[in-house]
Peer 1: 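Before I ask anything, let me first share the structure, which is written out below as structure tokens.
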Protein chains: 2
Amino acid sequence: MKQNKSTPVTLLQVAKHAGVSRSTASYVLSGGPHVSDSTRKKVLESIRQLGYVYNRSAANLRSKSSSTVGLVFPDVNNPFYTALLAGINQELNKYNKTVILGTTFESLSAQDRLISTMLEYRVGGIILFAVPDTPEELISRIKHLGIPVVLINRNFTDLSYDYIGIDNVVAGTLATNHLIKKGHHRIAFIGGFNQLSSWQERKQGYKDAHHKAGLEIDSSLIVEGHATRESGYELMDQILNLPNPPSAAFCYNDIIAIGAMMKLKERGFTPGHDMAIVGVDDIPEASIFTPKLTTVSSFPQIRGARAAKLLNERMEGLTMNPQSIIVQPELIIRDSCSYKKEILPHSTK
Amino acid sequence: MKQNKSTPVTLLQVAKHAGVSRSTASYVLSGGPHVSDSTRKKVLESIRQLGYVYNRSAANLRSKSSSTVGLVFPDVNNPFYTALLAGINQELNKYNKTVILGTTFESLSAQDRLISTMLEYRVGGIILFAVPDTPEELISRIKHLGIPVVLINRNFTDLSYDYIGIDNVVAGTLATNHLIKKGHHRIAFIGGFNQLSSWQERKQGYKDAHHKAGLEIDSSLIVEGHATRESGYELMDQILNLPNPPSAAFCYNDIIAIGAMMKLKERGFTPGHDMAIVGVDDIPEASIFTPKLTTVSSFPQIRGARAAKLLNERMEGLTMNPQSIIVQPELIIRDSCSYKKEILPHSTK
DNA sequence: ATGAAAGCGCTAACAC
DNA sequence: GTGTTAGCGCTTTCAT
């Protein structure tokens, strides 16, 4: 296992040590069929003894192919992403693909840098959770390089790319309808940004539900913000300071909903009682928080797996025309929407 | 920008297009000094026109060096990790090093696979947040390959590696002393695992504080568990079901503390009043939760930056003998430890 | 079943 | 300041 730092062991040295040719050694590495059992054993033993480490870059260079896939996420500090990641990882392992993950922190320039690096390393495919305002040109450039891309969650108007998401309009409708059915007429929509396709779609569902019920929307009840706990916390404060606060809030996602509920408690209100809350995603924390969060499940883990599967097919050149996979969300009723008692009293603090 | 999928543009083609030799083109890429301004412009223009993408693998192969660093994290779904990551990224950007991140999900085999992949890609260095029970042999193997490694947070008994962490004993003492000063005699220590060096050290501080105050430790008050919100939630339940529950809890980290406080609320208790809570890390959420969490800051972002700086020095071959950098933690007093009122009433639920 | 040889895209002497 | 050339470690025909 020990060996000189300055000169890494090469396959050729392994081959010599095992008394075979380089190509034979290469065959045993790639699991090729034309190798006798005894040769394979010899080579494997030499590898072990010399502490040989496969040089994947060299292999990729020669074979002009790569089994590594690049993951580009906007952030990672949200159980939603972790679930997505888990689904992707799990599926990709099946195909013996390895993953490198990069975080853009919602910055377009960081995303550019990240993707450039991945391209320079010649990843075999990319799963992209795009930053808002990502130019479509970026994606077409990658595709022109012959590298398959699967888009997650954030879509482009031009649907000529592989995409996997949920039906966000339905998610918005499901959530808002539930709130309306509980007797709420003034419903806020908080968190997320207008640039996000998912935001626009959820808002569409929110609108649809209002229209269908013959309800007006007060546009001051729609407040945008980052998809973080902290932001949910701030946004709820804004909402509560409104001259005429709503009795319910549809939150862009669970993490915002939880931040919002924290603020409610801080200001002496009881979420679910003084204000009804519903989120989107169904992260693990949703069922743990007090009150347990009513939410619309977006099945992140399942979607991650589907995305990985789709990408793998592209990398293997299986299917050809772009696919949009849309998962149907599901309402999960818990405790954060008990029946509306009365109009929320004016802010106390 | 458009070009044929099947044949990526090479530097040679760029050179021809620009009417120079390959080496000249290479020099402009690496910012070498011996290139005239006009040639540089020509080459850059050809690169743009042909849509050339640098092949970093080929370059690394030839130059036997890599400016990519591999990050190995146990998990990523904790604001603590995000802060660490941010610190590392920020610092590494200064040195023009790029990062690939892998998650082990606390699994030894996943960690092995991940590190193998990174090694196969010939990363220039690794920052390792090791899974519990990681054999020291893994690290020495990497080092024998001539690849610098910086350990974060989880230490090995043999201190011959570069390491950056906090003084966990002090963290434990700080937290426990504060609780004792507030009048608590029965203090739980919840979350984390015995295999973690940081756990052992924090427990040591917890013990030290008790001894110094002449207090006994009830070992049934020490309960282990994962470092997640969910786990904190479960653990607190266990604690509350004890025949004689404690009046305070020192939590292995903030995320556990928050989970624990959620359970307290669920069972009708007021954290900070019915039970005092202190955490470790000072994640952003700590100051947002109700009550605001008293905690021991571990300065994750600063530590990340220091780790990155140290690794960079190793990669550039600057310093030689292994360094242990120990950051001193700091007590941050907020609202989760108001004065002890009375012994916690017996569990109600 | 195994070996010889060519070459993937790039860098780094060295020559001019 | 720019060109020539010899590999880096591997895969992959093509022989044998």
Side-chain angles (χ1 to χ4, degrees), chain A residues 3-4 6-44 46-47 50-68 119-124 145-146, chain B residues 3-4 6-44 46-47 50-68 119-124 145-146:
Chain A
Q3 59 110 150
N4 196 325
S6 44
T7 50
V9 180
T10 73
L11 231 208
L12 184 58
Q13 294 174 42
V14 169
K16 275 186 183 150
H17 186 273
V20 300
S21 83
R22 188 162 59 195
S23 49
T24 303
S26 175
Y27 281 139
V28 354
L29 280 187
S30 54
H34 305 305
V35 187
S36 74
D37 243 36
S38 64
T39 336
R40 163 171 277 110
K41 284 223 170 58
K42 265 191 303 182
V43 173
L44 256 20
S46 297
I47 286 178
L50 299 179
Y52 167 75
V53 176
Y54 184 66
N55 188 328
R56 199 175 288 269
S57 296
N60 289 346
L61 174 58
R62 174 62 230 235
S63 67
K64 288 169 157 295
S65 76
S66 165
S67 63
T68 302
L119 257 24
E120 289 178 1
Y121 271 109
R122 298 293 190 270
V123 294
L145 257 22
Chain B
Q3 59 111 156
N4 196 325
S6 42
T7 49
V9 181
T10 71
L11 230 208
L12 183 57
Q13 294 174 41
V14 169
K16 275 186 182 150
H17 185 273
V20 300
S21 84
R22 188 163 59 192
S23 51
T24 304
S26 175
Y27 281 139
V28 356
L29 280 188
S30 53
H34 305 305
V35 187
S36 74
D37 243 35
S38 65
T39 340
R40 162 171 277 111
K41 283 221 170 62
K42 267 192 301 183
V43 173
L44 256 20
S46 297
I47 286 178
L50 300 179
Y52 167 75
V53 177
Y54 184 66
N55 188 328
R56 199 174 288 268
S57 295
N60 288 347
L61 175 57
R62 175 61 233 238
S63 68
K64 288 170 158 294
S65 76
S66 164
S67 63
T68 303
L119 259 25
E120 290 178 0
Y121 271 108
R122 298 292 189 270
V123 293
L145 257 23

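Just so it is clear: chains get the letters A, B, ... in the order the sequence lines come, proteins before strands, and each one is counted from 1.
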Peer 1: Indicate yes or no for a side-chain donor-acceptor contact from B:Ser63 to the backbone of B:Ala59 under 3.5 Å, with no hydrogens or angles considered.
Peer 2: yes

Peer 1: Check A:Tyr52 against A:Thr10 and note the closest heavy-atom contact, atom names and distance.
Peer 2: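 The answer is CE1-C, 3.7 Å.
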
Peer 1: Distance-only, no hydrogens or angles: does the B:Ser57 side chain make a donor-acceptor pair with backbone N or O of A:Leu61 under 3.5 Å?
Peer 2: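 No, B:Ser57 side chain to A:Leu61 backbone: no donor-acceptor pair under 3.5 Å.
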
Peer 1: Taking 4.0 Å as the cut-off, does a side-chain nitrogen or oxygen of B:Thr24 come that near to OP1 or OP2 on D:dT2?
Peer 2: no

Peer 1: What closest approach, in Å, do A:Ser66 and A:Arg122 show between heavy atoms, and which atom pair accounts for it?
Peer 2: CB-O, 3.0 Å

Peer 1: Can you check each nucleotide of nucleotides 9-14 of chain C against protein heavy atoms at under 4.0 Å and return B for base, S for sugar-phosphate only, - for none, in 5' to 3' order?
Peer 2: BBBBB-

Peer 1: When rounded to the nearest 0.5 angstrom, what distance separates OH in A:Tyr121 from OG1 in B:Thr68?
Peer 2: 2.0 Å

Peer 1: So, OP1 or OP2 of D:dT4: does either fall under 4.0 Å of a side-chain N or O from B:Ser21?
Peer 2: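 B:Ser21 to D:dT4 OP1/OP2: no side-chain N or O under 4.0 Å.
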
Peer 1: Rounded to whole angstroms, how far apart are CZ on B:Arg40 and P on D:dT2?
Peer 2: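 The answer, rounded to whole Å, is 10 Å.
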
Peer 1: Testing the basics here: between B:Val20 and B:Val43, what is the closest heavy-atom pair and its distance to 0.1 Å?
Peer 2: CG2-CG2, 4.0 Å

Peer 1: Describe, as an angle rounded to 10 degrees, how the axis at the first end of the helix from C:dA1-D:dT16 to C:dC16-D:dG1 is tilted relative to the axis at the last end, five pairs per end.
Peer 2: 30°

Peer 1: Any sub-3.5 Å donor-acceptor pair from A:Ser46's side-chain atoms to A:Lys42's backbone N or O?
Peer 2: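 Between the backbone of A:Lys42 and the side chain of A:Ser46 there is a qualifying donor-acceptor contact (under 3.5 Å).
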
Peer 1: Looking at every heavy atom in both A:Leu11 and A:Ala25, which two are closest together, and how far apart are they?
Peer 2: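 Looking at all heavy atoms of both residues, the shortest contact is CD2-CB, 3.5 Å.
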
